[in-house]
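One structure below.
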2 protein chains.
Amino acid sequence: MKNPIEHLNKIFDSRIRLGIMSALVVNSSVNFNELKELLDITDGNLASHLKTLDEAAYIKFQKGFIGRKTNTTYSITKTGEKAFKQHLEALEKMIGAVK
Amino acid sequence: MKNPIEHLNKIFDSRIRLGIMSALVVNSSVNFNELKELLDITDGNLASHLKTLDEAAYIKFQKGFIGRKTNTTYSITKTGEKAFKQHLEALEKMIGAVK
DNA sequence: AAAAGCACTTTGTAATACAAAGTAAATACT
DNA sequence: AGTATTTACTTTGTATTACAAAGTGCTTTT
């Protein structure tokens with residue numbers, strides 16, 4: 001057996017970033033407040049994790065409006081989808097013998 | 001969709017502890033140096049993660065000898081196996097829609 | 001004009017990770 | 001006998017990360 005963790009993506013060590021990514025994989029776009037409620041975290045904390053993911057080019061955002069209220073929606077990028085899937089595959093491989 | 005991350009176990013956020021657990025799930029017992037080589041980390045770092053897992057009662061250890069050299073082997077506890085499997089199930093559920 | 005909502009940024013603190021060095025107990029070399 | 005080596009740590013120090021709370025700028029609602 002060789003190193004099982006070397007293919008895990010450090011960005012996805014964080015449970016919150018995992019949660020964000022899984023929400024964005026399933027839903028084509030999710031807005032700030034939906035994510036905040038979904039993950040039950042403060043807005044500052046959410047913003048900082050979104051920033052990390054954005055800097056990695058794993059997500060993108062679009063500022064818009066719902067009616068007259070500002071509304072920022074987030075979605076996953078190709079890069080992000082690829083990285084996330086690779087991480088999941090590495091996880092699966094690592095724990096494959098378990099179930 | 002409700003909070004996807006609330007059932008994730010914080011102890012398993014760490015890639016190294018994930019690696020230790022996955023090694024121990026697959027192999028009935030693994031010694032210190034095997035783990036160290038497998039995960040490619042320093043002994044101090046490994047010891048501290050083992051301590052965290054031991055304090056959670058997820059692993060147990062047994063001090064012994066190979067020939068005349070000291071040898072500490074680690075294995076998973078019932079509690080640890082249960083917690084790990086629950087974590088994996090939570091992960092699967094979270095990302096189930098992906099693959 | 002005041003209050004509230006949105007999506008942040010900034011600030012400060014606490015927790016965590018990690019390498020490196022130190023330690024203890026035993027064995028192995030010279 | 002004395003020194004070195006190995007194992008499995010513990011301790012120490014530093015850097016990174018997480019997070020809450022407070023503050024900001026813009027807009028809308030009252």
Side-chain angles (χ1 to χ4, degrees), chain A residues 3-6 8-24 27 29-56 58-76 87, chain B residues 3-6 8-24 27 29-56 58-76 87:
Chain A
N3 192 337
I5 66 178
E6 67 185 345
L8 293 177
N9 189 326
K10 280 196 182 178
I11 288 183
F12 302 137
D13 279 1
S14 152
R15 63 211 288 97
I16 292 175
R17 290 195 292 271
L18 259 188
I20 293 169
M21 292 300 282
S22 73
L24 293 186
N27 307 290
S29 86
V30 181
N31 71 33
F32 192 89
N33 278 321
E34 285 167 350
L35 284 173
K36 189 178 143 188
E37 276 174 39
L38 175 67
L39 302 171
D40 193 28
I41 54 177
T42 58
D43 53 356
N45 194 10
L46 175 56
S48 84
H49 284 295
L50 287 170
K51 191 183 170 200
T52 300
L53 290 171
D54 182 50
E55 281 169 359
Y58 288 176
I59 63 170
K60 61 192 172 199
F61 56 88
Q62 189 162 11
K63 286 166 183 286
F65 294 88
I66 287 184
R68 303 233 160 154
K69 288 185 180 177
T70 61
N71 181 61
T72 309
T73 60
Y74 299 87
S75 53
I76 200 166
H87 181 77
Chain B
N3 192 337
I5 67 178
E6 67 185 344
L8 294 177
N9 190 327
K10 281 196 182 177
I11 288 183
F12 301 136
D13 278 2
S14 152
R15 64 211 288 97
I16 292 175
R17 290 196 292 271
L18 258 189
I20 293 170
M21 291 300 282
S22 74
L24 294 187
N27 307 291
S29 86
V30 181
N31 72 33
F32 191 89
N33 277 322
E34 285 166 350
L35 284 173
K36 188 179 142 187
E37 275 174 41
L38 176 66
L39 302 172
D40 193 28
I41 53 178
T42 56
D43 52 357
N45 194 10
L46 175 56
S48 81
H49 285 294
L50 287 170
K51 193 183 170 201
T52 299
L53 289 171
D54 182 50
E55 281 169 358
Y58 288 175
I59 63 170
K60 61 194 173 195
F61 57 88
Q62 190 162 12
K63 287 167 183 284
F65 295 87
I66 287 184
R68 303 234 161 153
K69 288 186 181 178
T70 61
N71 181 61
T72 310
T73 59
Y74 298 86
S75 52
I76 200 166
H87 181 77

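Quick note on labels: first sequence line is chain A, next is B, and so on, each numbered from 1. Atom set for the values below is all heavy atoms of this structure, side chains included, hydrogens, waters and symmetry mates excluded. Model, not experiment: these values are computed from the prediction.
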Please report, rounded to the nearest Å, how far the [atom2] atom of [N] is from the [atom1] atom of [X].
{"X": "B:Ile5", "N": "D:dA18", "atom1": "CD1", "atom2": "P", "answer": "12 Å"}
{"X": "B:Glu34", "N": "D:dT7", "atom1": "CD", "atom2": "P", "answer": "12 Å"}
{"X": "B:Lys51", "N": "D:dT10", "atom1": "NZ", "atom2": "P", "answer": "6 Å"}
{"X": "A:Asn71", "N": "C:dA7", "atom1": "CG", "atom2": "C1'", "answer": "10 Å"}
{"X": "A:Lys36", "N": "C:dA7", "atom1": "NZ", "atom2": "C1'", "answer": "9 Å"}
{"X": "B:Phe32", "N": "C:dA24", "atom1": "CZ", "atom2": "P", "answer": "18 Å"}
{"X": "A:Ile41", "N": "C:dC8", "atom1": "CD1", "atom2": "P", "answer": "13 Å"}
{"X": "A:Leu18", "N": "D:dA18", "atom1": "CG", "atom2": "P", "answer": "12 Å"}

First encountered from the 5' end of DNA chain D, between A:Asp43 and A:Phe65:
A:Asp43
Residue whose closest nucleotide on DNA chain D lies nearer the 5' end, B:Ala47 versus A:His49
B:Ala47
Hey, does the side chain of [X] come within less than 4.0 Å of [N]'s phosphate (OP1/OP2), counting only N and O?
{"X": "B:Asn33", "N": "D:dA8", "value": "yes"}
{"X": "A:Thr72", "N": "C:dC8", "value": "yes"}
{"X": "B:Thr70", "N": "C:dA26", "value": "no"}

Are any non-hydrogen side-chain atoms of [X] and [Y] less than 4.5 angstrom apart?
{"X": "A:Asn27", "Y": "A:Ser75", "value": "no"}
{"X": "B:Leu35", "Y": "B:Leu50", "value": "yes"}
{"X": "A:Asp54", "Y": "A:Ile59", "value": "yes"}

What nucleic acid atoms does [X] come within less than 4.0 Å of, heavy atoms only: base, sugar-phosphate, or nothing?
{"X": "B:Ser48", "answer": "nothing"}
{"X": "A:Ile16", "answer": "sugar-phosphate"}
{"X": "A:Arg17", "answer": "sugar-phosphate"}

The side chain of [X] lies closest to which of these nucleotides: [options]?
{"X": "A:Asn45", "options": "D:dA8, D:dC19, C:dA7", "result": "D:dC19"}
{"X": "A:Lys63", "options": "D:dT7, C:dC8, C:dC18", "result": "C:dC8"}
{"X": "B:Ser14", "options": "C:dA7, D:dT6, C:dA17", "result": "C:dA17"}

Would you mind telling me which of A:Thr73, A:Thr70, A:Asn71, A:Thr72 makes a side-chain hydrogen bond (donor to acceptor under 3.5 Å, both in side chains) with A:Asn31?
A:Asn71
Closest nucleotide of DNA chain C for A:Leu50 versus for A:Lys10: which of these residues is on the 5' side?
A:Leu50
Between CZ on residue A:Phe12 and CG on residue A:Leu53, distance to nearest 0.5 Å:
6.5 Å
